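Lettering of chains follows the sequences in order, A, B, ..., and the numbering in each one begins at 1. Quick caveat, the model's predicted, so the values are computed rather than measured.
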Protein chains: 2
Amino acid sequence: MNKKPNLKDVAKVAGVSAITVSRVLSNPDKVSEKLRTKVEQAVHEIGYIRNHAASALASRRSGVIAVIIPSLSNIVFNDVLQGIYSAVKQHHLQVVLGDCHYSPLEEEKLIATLLSQSPEGFILTGTDQTDYARKLLQQSGIPIVQLMELSDCPIDMNIGFSHFNAGVDITNHLLQKGYRKLGFLGARMDTRTQQRLAGFKKAIADFKQPCQSYVVTTTQSSSIRLGGQLLQAVMAESQGQCDAVFCCNDDLALGALFETKRMNLKVPADIAICGFNDLEASALVEPAITSVASPRYEMGQQAVELLMTASGKDKTHKPPIDVGYRIVERAST
Amino acid sequence: MNKKPNLKDVAKVAGVSAITVSRVLSNPDKVSEKLRTKVEQAVHEIGYIRNHAASALASRRSGVIAVIIPSLSNIVFNDVLQGIYSAVKQHHLQVVLGDCHYSPLEEEKLIATLLSQSPEGFILTGTDQTDYARKLLQQSGIPIVQLMELSDCPIDMNIGFSHFNAGVDITNHLLQKGYRKLGFLGARMDTRTQQRLAGFKKAIADFKQPCQSYVVTTTQSSSIRLGGQLLQAVMAESQGQCDAVFCCNDDLALGALFETKRMNLKVPADIAICGFNDLEASALVEPAITSVASPRYEMGQQAVELLMTASGKDKTHKPPIDVGYRIVERAST
DNA sequence: TTGAAAGCGCTAACAG
DNA sequence: CTGTTAGCGCTTTCAA
């Protein structure tokens with residue numbers, strides 16, 4: 001079988017020089033219509049596909065942006081990813097994606113690997129990168145966006161919202177509704193979950209009236225099933241006193257809700273449930289679950305836009321962008 | 001700011017030649033330990049990262065595999081992706097991912113784009129690629145895997161299961177349970193959904209006793225909410241006669257189940273519900289939903305293994321690999 | 001085990 | 001608007 005066609009092969013077929021073919025592919029406007037159509041036909045005819053490696057090497061533009069998320073299975077990052085992919089398409093970029101499984105060390109390795117692709121921008125989740133990772137990123141000189149949470153000392157750009165404030169607000173929501181024995185159900189316990197928990201504790205500490213709190217956490221990864229188990233755990237720990245739970249995400253909240261049915265608890269009469277992330281199911285179960293919504297898709301899109309507009313060279317401090325969040329009150333509280 | 005360090009810079013610092021540094025990175029065994037450690041230190045010290053484009057160009061090995069899925073938001077492909085990423089890690093490969101939004105034309109464009117990365121393998125979903133796409137793929141000479149469904153004339157390798165058979169089986173399951181007024185709820189209507197529907201019709205046509213069928217479909221994309229709407233639609237169309245629904249996926253099934261509560265229908269007494277894909281939630285709702293399970297994660301992994309073991313050159317016909325499926329019977333039927 | 005030379009396929013810069 | 005030349009940073013091949 002003949003080897004893959006290259007620029008010269010196309011040039012020969014079209015009766016032009018290689019550079020002209022190159023221009024048709026990258027700057028069609030700079031080539032006369034006559035030659036352009038001739039070249040385009042030749043390209044299609046022999047099924048020519050440009051060699052990205054050679055192109056990137058010669059032009060110093062890889063057309064790639066690197067993205068690292070903590071988990072492929074978490075729908076939350078999926079939403080962000082969709083935003084990223086939608087924006088990337090406009091800019092004719094490719095995404096190289098890594099899943100660091102919530103591990104800064106794995107993330108460090110991934111950063112090194114992905115940087116080798118000479119990405120034109122880098123999107124990271126969260127703010128707890130290793131020192132060496134930060135060094136590599138800084139040295140690369142490319143624009144960087146840290147997503148999801150807000151940071152005091154971002155590597156470069158930063159867009160997200162305060163999980164601490166959201167934790168405070170949703171806890172206050174429960175307190176305002178009259179609940180006084182609040183449970184916190186937490187899984188995974190990554191930094192954002194910890195911030196939500198900190199918010200929970202803060203709201204309780206600041207509350208003027210007596211109230212109880214029960215914190216049940218695990219480093220296991222989150223799932224609906226786990227939500228049921230954690231509800232059992234918090235009821236055990238509170239000896240059945242707990243009258244409201246703040247679940248660190250909607251998966252847990254759904255599991256907790258399903259478990260209440262098996263336990264014959266009425267929601268929200270016997271126990272209130274609220275979650276985080278506002279998944280579709282939360283709005284449709286009976287009773288619908290109060291949750292915290294945030295513009296994930298838009299965050300992903302905006303991250304790409306930020307990368308594209310960043311000159312890359314300006315080392316000026318860019319203020320974090322707070323996209324905010326919204327407490328969606330539903331029947332479960 | 002100094003430009004990014006390259007091989008020569010490292011070589012200078014380590015006091016060796018560039019090619020020796022290259023060997024330390026790719027074939028550490030071929031370099032004496034003394035030089036190797038010296039080079040490794042130099043690499044770490046100046047934060048050197050190998051230029052992938054140059055490396056790929058010179059070696060004709062990109063270390064990349066291309067993957068196209070029809071939808072980033074569908075959890076089903078997410079599972080497959082996770083399998084792919086887990087396998088890819090073992091082989092030190094990068095994934096370049098595209099989302100074709102269920103469109104063969106978009107897929108064709110993506111294939112061209114992704115082929116420009118000189119991937120060493122290509123994973124596609126489904127079997128309805130355009131002719132030009134097939135030509136490009138064939139011409140590329142790289143191993144290709146088509147995932148999810150079985151094909152009579154795969155481009156190269158093929159791994160999946162028969163959605164038609166699964167549709168037949170689940171429909172027969174409903175018939176055996178005594179239901180005679182069966183509804184089919186379908187969204188998106190991609191090829192796999194169509195095959196499930198074909199199975200549904202076939203089972204009904206082959207059934208020896210009189211029975212009714214009501215097919216309600218939409219090209220809208222699937223969601224939980226839509227499941228409720230389609231249930232309403234099928235009840236309207238059947239004038240309340242429908243006593244069982246086969247939902248083309250679990251999202252619709254969940255939505256249908258939630259809707260039954262609002263309609264005051266008892267499941268499975270008044271109406272049976274079954275889904276497809278066996279999502280976690282299906283097992284945990286009340287009543288739990290009968291569904292069709294398949295080894296998605298493993299399919300993803302196996303696809304990568306197939307690519308890696310494929311010599312790439314042998315044009316022998318490889319028989320499709322049937323990973324099978326399993327009907328998980330639960331309380332909803 | 002190490003190095004020197006050549007070139008992968010493309011595009012930037014310059015020239016016509 | 002089109003072409004020529006040089007070289008991107010690395011690895012292959014060959015030689016020492």
**OP:** Kindly check if the number of other-residue, nucleotide or ligand heavy atoms within 6.0 Å of CG (B:Asn27) is above 12?
**Re:** yes
Original post:
So what does A:Asp9 touch, heavy atoms closer than 4.0 Å: a base, only the sugar-phosphate, or nothing?
Top reply: nothing
Original post:
Is there a donor-acceptor contact under 3.5 Å linking the side chains of B:Arg50 and B:Ser26?
Top reply: yes
Subject >> Under 4.0 Å protein heavy-atom contact, by nucleotide of nucleotides 8-16 of chain D - B base, S sugar-phosphate only >> reply: BBBBBB---
Original post:
Are B:Tyr102 and B:Glu107 close enough that some pair of their side-chain heavy atoms sits under 4.5 Å apart?
Top reply: no
**OP:** Let me know which of B:Leu306, B:Asp322, B:Ile123 forms a side-chain contact (heavy atoms from CB on, under 4.5 Å) with B:Ile159.
**Re:** B:Leu306
Original post:
Of all nucleotides in DNA chain C with an atom under 4.0 Å from a non-hydrogen atom of chain B, which is the first and which the last going 5' to 3'?
Top reply: C:dT1 to C:dG9
Subject >> Distance (rounded to the nearest 0.5 Å) between B:His52 NE2 and A:Thr113 OG1 >> reply: 11.0 Å
**OP:** Classify the side-chain pair B:Gln117/B:Ser62 by whether it contains a donor and acceptor separated by less than 3.5 Å.
**Re:** no
Original post:
Does atom CG of B:Asp152 have more than 12 heavy-atom neighbours, drawn from other residues, nucleotides or ligands, at distances under 6.0 Å?
Top reply: no
Subject >> Heavy atoms from other residues, nucleotides or ligands near NZ of B:Lys109 exceed 12 (cutoff 6.0 Å) >> reply: no
